[in-house]
Amino acid sequence: MTSDGVPTWDEVAREHGRFLYQVAYRLTGNSDDAADLVQEALLRVRKGLETYQPGSLEGWLARIVTNVFLDEVRRRRRRPVTALPDDPDRVLPAAPSADEASAELSADVQAALSSLPEEFRVAVVLCDVADLAYEDIAVATGAPVGTVRSRIHRGRRMLRAALQQGGVPG
Amino acid sequence: MSAPGSLPEDLLSGYLDGELSPVQRAAVEQELARSAAWVAVLAEITDVRARVRALPLPEPPSGFWEAVLDEGPRRSRVTRHRVGGPLGWIAGGAAAAVVAVAFLVPSPHHASPSVATLVDSHATRSSLSQDPITQLAPIGFRR
(Lines give C-alpha, C1' and ligand atoms only; values in the text may rest on other atoms or scores of the structure.)
Protein backbone atom coordinates (compact mmCIF):
# COMPACT_ATOMS: atom_id res chain seq x y z
CA MET A 1 0.00 0.00 0.00
CA THR A 2 1.40 3.39 -0.91
CA SER A 3 1.41 6.30 1.53
CA ASP A 4 -1.69 7.83 -0.08
CA GLY A 5 -3.74 4.67 0.46
CA VAL A 6 -3.54 3.41 -3.09
CA PRO A 7 -2.78 -0.32 -3.31
CA THR A 8 0.11 -1.54 -5.43
CA TRP A 9 -0.53 -3.66 -8.50
CA ASP A 10 0.91 -6.67 -6.69
CA GLU A 11 -1.50 -6.20 -3.78
CA VAL A 12 -4.46 -5.91 -6.13
CA ALA A 13 -3.45 -9.09 -7.98
CA ARG A 14 -2.84 -11.07 -4.79
CA GLU A 15 -5.78 -9.88 -2.71
CA HIS A 16 -8.44 -9.24 -5.35
CA GLY A 17 -7.36 -11.53 -8.16
CA ARG A 18 -9.83 -14.22 -7.14
CA PHE A 19 -12.64 -11.66 -7.06
CA LEU A 20 -11.71 -10.59 -10.59
CA TYR A 21 -11.53 -14.17 -11.78
CA GLN A 22 -14.86 -15.08 -10.21
CA VAL A 23 -16.65 -12.18 -11.89
CA ALA A 24 -14.84 -12.86 -15.18
CA TYR A 25 -15.75 -16.55 -15.09
CA ARG A 26 -19.44 -15.88 -14.48
CA LEU A 27 -19.50 -13.30 -17.26
CA THR A 28 -17.71 -15.43 -19.85
CA GLY A 29 -18.81 -18.90 -18.75
CA ASN A 30 -15.45 -20.59 -19.33
CA SER A 31 -12.03 -20.64 -17.72
CA ASP A 32 -9.89 -19.68 -20.71
CA ASP A 33 -11.87 -16.56 -21.56
CA ALA A 34 -12.01 -15.70 -17.86
CA ALA A 35 -8.22 -16.00 -17.61
CA ASP A 36 -7.79 -13.74 -20.64
CA LEU A 37 -10.26 -11.27 -19.17
CA VAL A 38 -8.41 -11.15 -15.85
CA GLN A 39 -5.06 -10.59 -17.55
CA GLU A 40 -6.43 -7.75 -19.63
CA ALA A 41 -8.17 -6.29 -16.58
CA LEU A 42 -4.92 -6.43 -14.61
CA LEU A 43 -3.17 -4.59 -17.42
CA ARG A 44 -5.75 -1.84 -17.16
CA VAL A 45 -5.46 -1.90 -13.37
CA ARG A 46 -1.73 -1.17 -13.63
CA LYS A 47 -2.42 1.83 -15.83
CA GLY A 48 -5.43 2.91 -13.77
CA LEU A 49 -3.64 2.80 -10.41
CA GLU A 50 -1.74 5.94 -11.42
CA THR A 51 -4.99 7.90 -11.24
CA TYR A 52 -6.97 5.72 -8.81
CA GLN A 53 -8.75 7.59 -6.04
CA PRO A 54 -9.21 5.47 -2.88
CA GLY A 55 -12.82 4.32 -2.57
CA SER A 56 -14.70 1.14 -3.35
CA LEU A 57 -11.82 -0.90 -4.75
CA GLU A 58 -14.01 -3.85 -5.74
CA GLY A 59 -16.47 -1.48 -7.43
CA TRP A 60 -13.56 -0.02 -9.39
CA LEU A 61 -12.25 -3.48 -10.28
CA ALA A 62 -15.75 -4.59 -11.28
CA ARG A 63 -15.99 -1.62 -13.60
CA ILE A 64 -12.68 -2.53 -15.22
CA VAL A 65 -13.49 -6.19 -15.70
CA THR A 66 -16.97 -5.32 -17.00
CA ASN A 67 -15.52 -2.89 -19.52
CA VAL A 68 -12.99 -5.49 -20.67
CA PHE A 69 -15.81 -8.03 -21.04
CA LEU A 70 -18.04 -5.67 -23.02
CA ASP A 71 -15.10 -4.62 -25.22
CA GLU A 72 -14.45 -8.28 -25.98
CA VAL A 73 -18.14 -8.90 -26.74
CA ARG A 74 -18.11 -6.00 -29.22
CA ARG A 75 -14.86 -7.22 -30.77
CA ARG A 76 -16.27 -10.72 -31.25
CA ARG A 77 -19.41 -9.33 -32.83
CA ARG A 78 -17.22 -7.61 -35.40
CA ARG A 79 -14.96 -10.65 -35.89
CA PRO A 80 -16.80 -13.82 -34.85
CA VAL A 81 -14.57 -16.66 -33.68
CA THR A 82 -15.32 -20.31 -33.07
CA ALA A 83 -14.22 -21.54 -29.66
CA LEU A 84 -14.42 -24.99 -28.27
CA PRO A 85 -16.48 -25.35 -25.09
CA ASP A 86 -14.69 -25.35 -21.77
CA ASP A 87 -15.64 -28.94 -21.06
CA PRO A 88 -15.68 -31.22 -24.12
CA ASP A 89 -17.70 -33.78 -22.16
CA ARG A 90 -20.68 -31.46 -22.39
CA VAL A 91 -20.68 -31.94 -26.15
CA LEU A 92 -20.34 -35.70 -25.93
CA PRO A 93 -22.45 -36.43 -22.84
CA ALA A 94 -21.20 -39.10 -20.49
CA ALA A 95 -23.35 -40.85 -17.91
CA PRO A 96 -23.37 -38.58 -14.84
CA SER A 97 -22.21 -40.00 -11.52
CA ALA A 98 -23.77 -39.12 -8.20
CA ASP A 99 -20.75 -36.97 -7.40
CA GLU A 100 -21.42 -34.87 -10.48
CA ALA A 101 -24.97 -33.95 -9.54
CA SER A 102 -23.99 -30.74 -7.77
CA ALA A 103 -21.62 -29.76 -10.56
CA GLU A 104 -24.38 -30.31 -13.12
CA LEU A 105 -26.77 -28.08 -11.21
CA SER A 106 -24.09 -25.37 -11.18
CA ALA A 107 -23.49 -25.92 -14.88
CA ASP A 108 -27.20 -25.45 -15.54
CA VAL A 109 -27.20 -22.14 -13.69
CA GLN A 110 -24.04 -21.03 -15.50
CA ALA A 111 -25.52 -22.04 -18.86
CA ALA A 112 -28.66 -20.04 -18.09
CA LEU A 113 -26.51 -17.11 -17.02
CA SER A 114 -24.47 -17.31 -20.22
CA SER A 115 -27.66 -17.25 -22.28
CA LEU A 116 -28.67 -13.82 -20.96
CA PRO A 117 -28.07 -10.75 -23.13
CA GLU A 118 -24.87 -9.08 -21.92
CA GLU A 119 -26.41 -6.06 -20.18
CA PHE A 120 -28.64 -8.30 -18.05
CA ARG A 121 -25.84 -10.81 -17.38
CA VAL A 122 -23.52 -8.03 -16.24
CA ALA A 123 -26.16 -6.62 -13.89
CA VAL A 124 -26.97 -10.01 -12.33
CA VAL A 125 -23.31 -11.04 -11.99
CA LEU A 126 -22.28 -7.75 -10.40
CA CYS A 127 -25.20 -8.00 -7.98
CA ASP A 128 -25.27 -11.70 -7.10
CA VAL A 129 -21.69 -12.82 -7.75
CA ALA A 130 -19.66 -9.68 -7.03
CA ASP A 131 -22.18 -8.67 -4.33
CA LEU A 132 -22.02 -5.00 -5.27
CA ALA A 133 -24.62 -2.44 -4.19
CA TYR A 134 -26.85 -1.00 -6.92
CA GLU A 135 -25.00 2.30 -6.63
CA ASP A 136 -21.65 0.59 -7.34
CA ILE A 137 -23.16 -1.35 -10.24
CA ALA A 138 -24.48 1.92 -11.64
CA VAL A 139 -20.96 3.39 -11.47
CA ALA A 140 -19.43 0.23 -12.96
CA THR A 141 -21.85 0.11 -15.89
CA GLY A 142 -22.53 3.79 -16.41
CA ALA A 143 -26.28 3.21 -16.11
CA PRO A 144 -28.71 4.95 -13.72
CA VAL A 145 -29.63 3.06 -10.55
CA GLY A 146 -33.20 2.60 -11.80
CA THR A 147 -31.90 0.94 -14.95
CA VAL A 148 -29.64 -1.29 -12.87
CA ARG A 149 -32.60 -2.43 -10.77
CA SER A 150 -34.66 -3.09 -13.89
CA ARG A 151 -31.86 -5.10 -15.53
CA ILE A 152 -31.28 -7.18 -12.41
CA HIS A 153 -34.98 -7.94 -12.10
CA ARG A 154 -35.48 -8.76 -15.77
CA GLY A 155 -32.27 -10.79 -15.74
CA ARG A 156 -33.56 -12.87 -12.85
CA ARG A 157 -36.90 -13.42 -14.59
CA MET A 158 -35.02 -14.55 -17.74
CA LEU A 159 -32.83 -16.84 -15.67
CA ARG A 160 -35.89 -18.37 -14.10
CA ALA A 161 -37.43 -18.97 -17.52
CA ALA A 162 -34.19 -20.45 -18.86
CA LEU A 163 -33.82 -22.79 -15.90
CA GLN A 164 -37.43 -23.94 -16.16
CA GLN A 165 -37.35 -24.49 -19.91
CA GLY A 166 -33.72 -25.54 -20.21
CA GLY A 167 -33.33 -23.09 -23.07
CA VAL A 168 -32.47 -19.54 -23.95
CA PRO A 169 -34.87 -16.99 -22.49
CA GLY A 170 -37.04 -15.09 -24.91
CA MET B 1 -42.91 -4.86 -16.01
CA SER B 2 -45.96 -3.52 -14.19
CA ALA B 3 -49.69 -3.45 -14.62
CA PRO B 4 -51.28 -0.06 -15.25
CA GLY B 5 -51.68 1.91 -12.06
CA SER B 6 -49.52 -0.39 -9.98
CA LEU B 7 -45.93 -0.31 -8.80
CA PRO B 8 -43.09 -1.30 -11.15
CA GLU B 9 -42.38 -4.97 -10.66
CA ASP B 10 -38.62 -4.43 -10.54
CA LEU B 11 -39.10 -2.95 -7.08
CA LEU B 12 -39.33 -6.57 -5.98
CA SER B 13 -35.66 -7.12 -6.78
CA GLY B 14 -34.80 -3.89 -5.00
CA TYR B 15 -36.85 -5.16 -2.04
CA LEU B 16 -35.05 -8.50 -2.06
CA ASP B 17 -31.63 -6.82 -2.24
CA GLY B 18 -32.40 -4.27 0.48
CA GLU B 19 -32.01 -1.41 -1.98
CA LEU B 20 -35.30 0.44 -1.44
CA SER B 21 -36.10 3.54 0.55
CA PRO B 22 -38.44 3.08 3.54
CA VAL B 23 -41.31 4.54 1.51
CA GLN B 24 -40.71 2.18 -1.42
CA ARG B 25 -40.32 -0.75 0.94
CA ALA B 26 -43.66 -0.01 2.60
CA ALA B 27 -45.34 0.27 -0.80
CA VAL B 28 -43.95 -3.08 -1.90
CA GLU B 29 -45.08 -4.75 1.31
CA GLN B 30 -48.54 -3.29 0.81
CA GLU B 31 -48.63 -4.67 -2.73
CA LEU B 32 -47.39 -8.07 -1.55
CA ALA B 33 -50.20 -8.18 1.00
CA ARG B 34 -52.85 -7.86 -1.69
CA SER B 35 -51.30 -9.50 -4.78
CA ALA B 36 -50.70 -13.25 -5.01
CA ALA B 37 -48.96 -12.67 -8.35
CA TRP B 38 -46.37 -10.45 -6.69
CA VAL B 39 -45.82 -13.03 -3.96
CA ALA B 40 -45.21 -15.66 -6.65
CA VAL B 41 -42.72 -13.44 -8.51
CA LEU B 42 -40.90 -12.67 -5.27
CA ALA B 43 -40.62 -16.40 -4.55
CA GLU B 44 -39.24 -17.03 -8.05
CA ILE B 45 -36.58 -14.33 -7.99
CA THR B 46 -35.62 -15.30 -4.43
CA ASP B 47 -34.96 -18.84 -5.65
CA VAL B 48 -32.97 -17.69 -8.71
CA ARG B 49 -30.92 -15.25 -6.64
CA ALA B 50 -30.07 -18.01 -4.16
CA ARG B 51 -29.01 -20.37 -6.95
CA VAL B 52 -26.69 -17.79 -8.53
CA ARG B 53 -25.21 -16.88 -5.16
CA ALA B 54 -24.65 -20.58 -4.41
CA LEU B 55 -22.46 -21.07 -7.48
CA PRO B 56 -19.06 -22.40 -6.40
CA LEU B 57 -15.91 -20.33 -6.63
CA PRO B 58 -14.37 -21.15 -10.00
CA GLU B 59 -10.73 -22.22 -10.17
CA PRO B 60 -8.48 -20.72 -12.84
CA PRO B 61 -6.29 -22.92 -15.06
CA SER B 62 -3.39 -24.57 -13.26
CA GLY B 63 -0.43 -22.25 -12.80
CA PHE B 64 -2.43 -19.16 -13.74
CA TRP B 65 -1.79 -17.11 -10.61
CA GLU B 66 1.86 -18.10 -10.47
CA ALA B 67 2.29 -16.88 -14.04
CA VAL B 68 0.40 -13.64 -13.38
CA LEU B 69 2.28 -12.81 -10.19
CA ASP B 70 5.68 -13.89 -11.49
CA GLU B 71 5.47 -12.07 -14.78
CA GLY B 72 3.12 -9.22 -13.94
CA PRO B 73 0.30 -8.13 -16.23
CA ARG B 74 0.93 -9.03 -19.84
CA ARG B 75 -0.91 -9.35 -23.08
CA SER B 76 0.11 -12.91 -23.87
CA ARG B 77 -2.53 -15.54 -23.30
CA VAL B 78 -2.01 -18.34 -20.77
CA THR B 79 -4.16 -20.97 -22.46
CA ARG B 80 -6.44 -20.89 -25.45
CA HIS B 81 -8.59 -23.43 -27.16
CA ARG B 82 -7.71 -23.46 -30.81
CA VAL B 83 -9.94 -24.43 -33.66
CA GLY B 84 -8.32 -27.64 -34.91
CA GLY B 85 -9.15 -30.42 -37.36
CA PRO B 86 -10.74 -29.65 -40.73
CA LEU B 87 -12.02 -26.25 -39.63
CA GLY B 88 -8.51 -25.19 -38.68
CA TRP B 89 -7.09 -26.35 -42.01
CA ILE B 90 -9.85 -24.61 -43.95
CA ALA B 91 -9.30 -21.38 -42.03
CA GLY B 92 -5.53 -21.65 -42.50
CA GLY B 93 -5.89 -22.34 -46.21
CA ALA B 94 -8.24 -19.41 -46.65
CA ALA B 95 -5.81 -17.09 -44.88
CA ALA B 96 -2.91 -18.33 -47.04
CA ALA B 97 -4.98 -17.80 -50.19
CA VAL B 98 -5.77 -14.23 -49.17
CA VAL B 99 -2.06 -13.50 -48.59
CA ALA B 100 -1.10 -15.12 -51.90
CA VAL B 101 -3.69 -13.11 -53.83
CA ALA B 102 -2.48 -9.92 -52.17
CA PHE B 103 1.09 -10.57 -53.36
CA LEU B 104 0.44 -12.12 -56.78
CA VAL B 105 -2.25 -9.89 -58.25
CA PRO B 106 -0.56 -6.79 -59.67
CA SER B 107 -1.84 -3.61 -58.21
CA PRO B 108 -2.96 -0.98 -60.73
CA HIS B 109 -0.15 1.50 -61.41
CA HIS B 110 -1.30 5.02 -61.04
CA ALA B 111 0.47 7.49 -63.34
CA SER B 112 0.23 11.14 -62.53
CA PRO B 113 -1.11 12.83 -64.51
CA SER B 114 -3.18 9.93 -65.77
CA VAL B 115 -2.46 8.34 -69.12
CA ALA B 116 -5.94 9.38 -70.30
CA THR B 117 -5.11 13.01 -69.52
CA LEU B 118 -1.84 12.83 -71.45
CA VAL B 119 -3.53 11.11 -74.40
CA ASP B 120 -6.13 13.86 -74.51
CA SER B 121 -3.42 16.49 -74.32
CA HIS B 122 -1.47 14.76 -77.09
CA ALA B 123 -4.56 14.61 -79.28
CA THR B 124 -5.16 18.31 -78.73
CA ARG B 125 -1.59 19.22 -79.64
CA SER B 126 -1.70 16.94 -82.66
CA SER B 127 -4.82 18.65 -83.84
CA LEU B 128 -2.93 21.96 -83.53
CA SER B 129 -0.21 20.59 -85.85
CA GLN B 130 2.49 20.18 -83.17
CA ASP B 131 4.90 17.24 -83.47
CA PRO B 132 2.91 14.31 -81.97
CA ILE B 133 5.82 11.88 -81.55
CA THR B 134 8.10 14.24 -79.62
CA GLN B 135 5.25 15.21 -77.34
CA LEU B 136 4.79 11.55 -76.30
CA ALA B 137 8.29 11.24 -74.78
CA PRO B 138 7.41 12.40 -71.22
CA ILE B 139 4.78 9.66 -70.82
CA GLY B 140 7.47 6.98 -70.50
CA PHE B 141 9.21 8.80 -67.63
CA ARG B 142 6.34 10.04 -65.57
CA ARG B 143 5.14 8.02 -62.62
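Just so it is clear: chains get the letters A, B, ... in the order the sequence lines come, proteins before strands, and each one is counted from 1. Scope of the values below: all heavy atoms of this structure, side chains included, with no hydrogens, waters or symmetry mates.
- Checking side-chain atoms of B:Arg25 against main-chain N and O of B:Leu20 turns up no donor-acceptor pair under 3.5 Å.
- In terms of modelled atom types and a separation under 3.5 Å, the side chain of B:Ser35 and the main chain of B:Leu32 share no donor-acceptor contact.
- At least one side-chain heavy atom of A:Arg74 sits under 4.5 Å from a side-chain heavy atom of A:Arg78.
- Options A:Val109, A:Val129, A:Val148 differ in how many heavy-atom pairs under 4.5 Å they form with chain B, and the most are formed by A:Val109.
- With A:Leu42 as the partner, the side-chain contact (heavy atoms from CB on, under 4.5 Å) test is satisfied by one option alone out of A:Leu20, A:Ile64, A:Leu37: A:Leu20.
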*Audit row: A:Asp108, B:Arg51, salt bridge (charged side-chain N to carboxylate O under 4.0 Å, His left out) steps and yes/no*: CA-CA 10 Å; A:Asp108 287 346; B:Arg51 291 174 75 171; 5.8 Å; no

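- Of the atoms belonging to A:Arg18, heavy atoms from both backbone and side chain fall under 4.5 Å from chain B.
- At a 4.5 Å heavy-atom cutoff, A:Ala41 makes no contact with chain B through either its backbone or its side chain.
- Per-residue counts of heavy-atom pairs under 4.5 Å with chain B were compared for A:Arg14, A:Arg156, A:Gln22; the largest is that of A:Arg156.
- When B:Leu55, B:Val52, B:Leu69 are compared by the number of non-hydrogen pairs under 4.5 Å with chain A, B:Leu55 comes out ahead.
- For a residue to count as touching a neighbouring chain, one of its non-hydrogen atoms must lie under 4.5 Å from one of that chain's; by this rule A:Arg151 does not touch chain B.
- Interface residue A:Val38: only side-chain heavy atoms are found under 4.5 Å from chain B.
- Residue contact with chain A, scored on non-hydrogen atoms closer than 4.5 Å, involves the side chain of B:Leu16 exclusively.
- The environment of A:Glu135 atom CD is sparse: at most 12 non-hydrogen atoms of other residues, nucleotides or ligands sit within 6.0 angstrom.
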